[in-house]
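Numbering of ligands and ligand atoms starts at 1, following listing order. In what follows, residues are counted from 1 in the order of the sequence shown.
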Amino acid sequence: MAPRTPLTATEIKELKAQLLAERADLQGQYQELEESSFGSNQSELTGEMAFDEEYADAGSATFERERDLSLVNNLRDLIDRIDKALAKVEDGTYGLCDRCGKPIEKLRLKALPYANLCIKDKQAEERVR
Ligand SMILES: [Zn+2]
């Protein structure tokens, strides 16, 4: 028999609410970043800007853009993980380790609701990296 989630219906409901709240928050940050960095970059390409000022700032602008890009990637990654967790809530496998199929420690889920691996497998994964 396939192992079932170790969580009670109430716990799942709470964690799901947490996931949705976090997702909404991340989505907001994501949109803000996209609008501020990518949106303005596009208008810089088409609009006429004060060139000297832009030139002086080029170094830090590049740095900021790279920082924004990695932030955007991080956000996208997190949103993706939250979506996967939410999908698991829907099909009743939420709280189970993606690798070994055993229940993920409750404390771990409460600290990190989108955790998809149990502590043991997570540590194993980090050792491989
Ligand atoms: Zn595991």
Side-chain angles (χ1 to χ4, degrees):
M1 208 176 96
R4 286 196 49 239
T5 171
L7 299 157
T8 65
T10 315
E11 282 172 326
I12 289 181
K13 219 172 110 185
E14 276 171 16
L15 288 165
K16 187 183 173 185
Q18 222 174 304
L19 283 166
L20 287 171
E22 198 154 335
R23 195 188 189 287
D25 184 47
L26 291 169
Q27 195 78 45
Q29 287 181 43
Y30 180 74
Q31 268 162 8
E32 223 169 85
L33 267 177
E34 283 224 307
E35 275 160 28
S36 69
S37 67
F38 302 108
S40 66
N41 284 337
Q42 271 183 348
S43 65
E44 275 164 30
L45 287 176
T46 51
E48 287 190 36
M49 301 292 289
F51 183 74
D52 290 342
E53 213 176 300
E54 280 300 298
Y55 187 73
D57 276 350
S60 66
T62 306
F63 170 75
E64 266 175 46
R65 192 142 67 120
E66 269 167 20
R67 194 199 56 190
D68 283 353
L69 264 178
S70 73
L71 274 175
V72 162
N73 284 337
N74 278 345
L75 286 172
R76 213 179 269 162
D77 188 51
L78 276 178
I79 291 171
D80 189 52
R81 291 178 66 177
I82 289 176
D83 279 343
K84 280 184 186 142
L86 286 168
K88 287 172 83 177
V89 169
E90 293 311 313
D91 68 17
T93 58
Y94 178 70
L96 297 176
C97 175
D98 274 356
R99 192 163 296 174
C100 66
K102 285 180 189 147
I104 298 171
E105 295 75 7
K106 268 191 202 184
L107 279 174
R108 174 165 165 73
L109 282 173
K110 283 179 181 165
L112 201 71
Y114 49 82
N116 64 333
L117 295 174
C118 67
I119 290 173
K120 221 177 91 195
D121 282 315
K122 181 68 193 164
Q123 283 170 347
E125 189 191 68
E126 275 164 8
R127 268 198 297 275
V128 171
R129 275 185 196 161

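Annotation: the span from Lys16 atom NZ to Leu19 atom CG amounts to 9.5 Å, rounded to 0.5 Å.
For Gln29 (side chain) and Leu75 (main-chain N/O), no donor-acceptor pair under 3.5 Å exists by modelled atom type.
Judged purely by distance below 3.5 Å, without hydrogens or angles, the side chains of Arg127 and Gln123 never pair a donor atom with an acceptor atom.
If you chain together hydrophobic residues whose side chains sit under 4.5 Å apart, Ile119 and Tyr94 never meet in one group.
The atom of Asp121 nearest to the Zn ion (ligand 1) is OD2, with the search restricted to N, O or S atoms.
Not one N/O/S atom of Asp98, from backbone or side chain, sits under 2.8 Å from the Zn ion (ligand 1).
Draw a line from the Zn ion (ligand 1) to SG of Cys118 and another to SG of Cys97, and the angle between them is 120° (to 10°).
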